[in-house]
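Remarks on the structure that follows.
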Amino acid sequence: MMIRMSVTLIDRPTSGATEDELATQLHDVRTRTRRLTEDLSTRQLMGPMLPIVNPVLWEIGHVGWFHEYWTLRHAHGEAPGLDRADLLWNSSTVAHATRWDLNLPDRNGVFAYMADVLGRQVGRLSGGVDAGTRYFYELSIRHEDMHVEALAYTRQTLGYARPDGLGHPADHNAGPWPGDASVSGGRWRLGSTGADGFIFDNEKWAHEVGIAPFRIAKAPVTNVEFAAFVRAGGYRNRQFWSAAGWVWREDTGAERPVYWLETDGGYGTWRRYQEVEPLAPHAPVMFVNWYEAEAWCRWAKRRLPTEAEWEAAALGEAAANGSSLADSKRRWPWGEAAPSSEHANLGFAFDGPLDVAACAAGDSAFGCRQMIGNVWEWTASDFVPLPGFAADPYEDYSRPWFNTRKVLRGGSWATSARIARPGYRNFFTPERNDVIAGFRTCAL
């Protein structure tokens, strides 16, 4: 992503976190970054040059630079802590393909730079910050949250070892959760408001849209459900694929989800990090791209929900008459309470998704489960600006990517609760099958 600054003064709400809470969040997210990187060898910290990953050593240096750029330099007016930092880690000027050839500090130097930035941030927070400055701390923390998740799927892409200290989903079998939920039609306020706390520019602002009544799956598509499509020859049947999807399938030669392994004519195992493991039949399928989700839907005579439908199913309630959507909008699918492990699989409590019947306490008013956590969910919607969009100071966070990506909602097991708010609009190009994404479907 590119770094430019918007000079437009627009409303930038924050979560209301205190200085002490922000300092705690800084330490918390840095602990996660270090847990995903400290065990890697010098060779692994660089890794092979691929278009879908960064060198890990570059990526964590970029995270530290982003904190310094927006909080210490932009908000507090400090000078750079490292003279050549912009030449190394400014993603708007350092082309992706060159990041393996930079004269980066060694691992000790990068970790020391990050520690220095963190120490200076905590020192500044101890003296108090105003609301405008608080926004940039919240932005930087969430930026690191995103990179923590990217580090998790980078380890999967590159076949590195499973990170230590995480729970294992196989110890928590819950089974399937079949069937559809009926969602009332009506008017819906798509997007976020200042009352939602810290939000990103592409969520602004809530605006009314019309939704027809629809039926949506109570849970995401599972491994066993997706395997039926694979066994039926779905990857070789042109009728299930869009023109762009078929080009992707032909170019890649895909016959199954990217990490699945064929064994004795079936698909019961997959590569998970550097090991071969059984596929959990009732866990949501993940590491599938938008094209694969679209093809499965055509085979199953289903469709992907729009992001407005997804949000209404997650946060909406039926009006008193039962025939339309109520005006109210929940903060979380289950209500106002902050997420817990009973509600959602978030923040590396486990190193993978739980079965789709898990987390019953997190059901929405319409009975949809795991709308938050477990796996990101592809929607039918293109990533476009909402009416009245204006870029926030991190100007290139959203605007360069409009009309080239698809919207995902809900968060994954590797997503922090700060990111996995129901209103957060994630976005990736439709061919990306390295991100922790699955999908749920609607009846036609």
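- Asn223 and Trp270 are not linked by any side-chain donor-acceptor pair at a separation below 3.5 angstrom, with hydrogens and angles left out of the test.
- Judged by distance alone, the side chain of Glu203 and the main-chain N or O of Phe200 form a donor-acceptor pair under 3.5 Å.
- Here the side chain of Ser364 pairs a donor or acceptor atom with the backbone of Ala313 at under 3.5 angstrom.
- In this structure, Trp378 CH2 and Trp310 CH2 are separated by 14.5 Å, a value rounded to the nearest 0.5 Å.
- Between the side chain of Thr98 and the main chain of Val94, no donor-acceptor pair closer than 3.5 Å is present.
- Under the salt bridge (charged side-chain N to carboxylate O under 4.0 Å, His left out) criterion, Arg330 pairs with Glu317, sequence neighbours left out.
- For Asp145, the salt bridge (charged side-chain N to carboxylate O under 4.0 Å, His left out) criterion is met by Arg418, not counting sequence neighbours.
- Ring geometry, Trp70 versus Tyr394: the interplanar angle falls from 30° to 60°, so the pair is classed tilted.
- Under the rule for a side chain to side chain donor-acceptor pair (under 3.5 Å), the partners of Arg432 that lie at least two apart in sequence or sit in another chain are Asp434.
- Taking Arg409 as the reference, Glu307, Glu311 meet the salt bridge (charged side-chain N to carboxylate O under 4.0 Å, His left out) condition, with sequence neighbours excluded.
- Side-chain N or O atoms of Asn289 include one that pairs as donor or acceptor with a backbone N or O of Tyr291 at under 3.5 Å.
- Classification of the Phe226-Phe439 ring pair by plane angle, with boundaries at 30° and 60°, yields perpendicular.
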Please tabulate, for side-chain N and O atoms in residues 45-60, each donor-acceptor pair with protein atoms closer than 3.5 Å (sequence neighbours left out).
residue : atom : partner : partner atom : Å
Asn54   : OD1  : Arg99   : NH1          : 2.8
Trp58   : NE1  : Leu88   : O            : 2.7
Glu59   : OE2  : His147  : ND1          : 2.7

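- Rounding to the nearest 0.5 angstrom, the gap separating the CZ atom in Arg189 from the CD atom in Glu208 is 6.5 Å.
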Go through Asp28 and Thr31 one step at a time and tell me if the side chain to side chain donor-acceptor pair (under 3.5 Å) criterion holds. CA-CA 5 Å; Asp28 170 68; Thr31 296; over 6 Å; no

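- A donor-acceptor distance shorter than 3.5 angstrom exists from the side chain of Asp196 to the backbone of Thr193, with no hydrogens or angles considered.
- The backbone N or O of Glu138 sits less than 3.5 Å from a side-chain atom of Arg142, completing a donor-acceptor pair.
- If you take SG on Cys442 and CG on Leu304, they are separated by 8.0 Å, rounding to the nearest 0.5 Å.
- The side chain to side chain donor-acceptor pair (under 3.5 Å) check on Asp382 picks up Lys406, with sequence neighbours excluded.
- Counting only N and O atoms by type, the side chains of Ser92 and Asn90 include a donor and acceptor under 3.5 Å apart.
- Ser340 meets the side chain to side chain donor-acceptor pair (under 3.5 Å) test with His343; sequence neighbours excluded.
- There is no side-chain donor-acceptor pair under 3.5 Å between Thr154 and Thr157.
- Taking the ring axis of Tyr135 as reference, the NZ or CZ atom of Arg12 stays within 45° of it and closer than 6.0 Å to the ring centre.
- Of all heavy-atom pairs spanning Asp392 and Asp201, the tightest one is N-OD2, 3.1 Å.
- No donor-acceptor pair closer than 3.5 Å links the side chain of Arg399 to the backbone N or O of Ala391.
- Panel note: side chain Asp355, backbone Ala174; a donor-acceptor pair is recorded below 3.5 Å.
- Listed by first then second residue, pairs satisfying salt bridge (Lys or Arg N to Asp or Glu O under 4.0 Å) with a partner in residues 334-350 read Arg331-Glu336, not counting sequence neighbours.
- The line from OG1 of Thr441 to CD of Glu294 is 13.5 Å long, rounded to the nearest 0.5 Å.
- Side-chain atoms of Arg440 never come within 3.5 Å of backbone atoms of Thr379 as a donor-acceptor pair (strictly under, hydrogens ignored).
- Heavy-atom neighbours of Asp83 CG from other residues, nucleotides or ligands within 6.0 Å: at or below the threshold of 12.
- Inter-residue side-chain proximity for Pro284 and Pro353 is flagged as met; some heavy-atom pair is nearer than 4.5 Å.
- For Gln156 (side chain) and Tyr273 (main-chain N/O), a donor-acceptor pair under 3.5 Å exists by modelled atom type.
- Side-chain contact annotation: His67 with His62, donor-acceptor N/O pair under 3.5 Å absent.
- Residue pairs meeting the salt bridge (Lys or Arg N to Asp or Glu O under 4.0 Å) criterion with at least one partner in residues 358-376, sequence neighbours excluded, are Asp363-Arg369.
- Annotation for Ala417 and Trp332: closest pair O-CH2, 3.8 Å, computed over non-hydrogen atoms.
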Does the pair Trp401 and Asn202 meet the rule for a side chain to side chain donor-acceptor pair (under 3.5 Å), with working shown? CA-CA 11 Å; Trp401 321 118; Asn202 63 58; over 6 Å; no

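- Shown here are the salt bridge (charged side-chain N to carboxylate O under 4.0 Å, His left out) partners of Arg271, two or more places apart in sequence or in another chain: there are none.
- For residues 100-115, the side chain to side chain donor-acceptor pair (under 3.5 Å) pairs, not counting sequence neighbours, are Glu68-Tyr113.
- We find the CD-CG distance between Glu144 and Leu118 to be 8.5 Å, quoted to the nearest 0.5 Å.
- Taking Asn374 as the reference, Asn345, Gln370 meet the side chain to side chain donor-acceptor pair (under 3.5 Å) condition, with sequence neighbours excluded.
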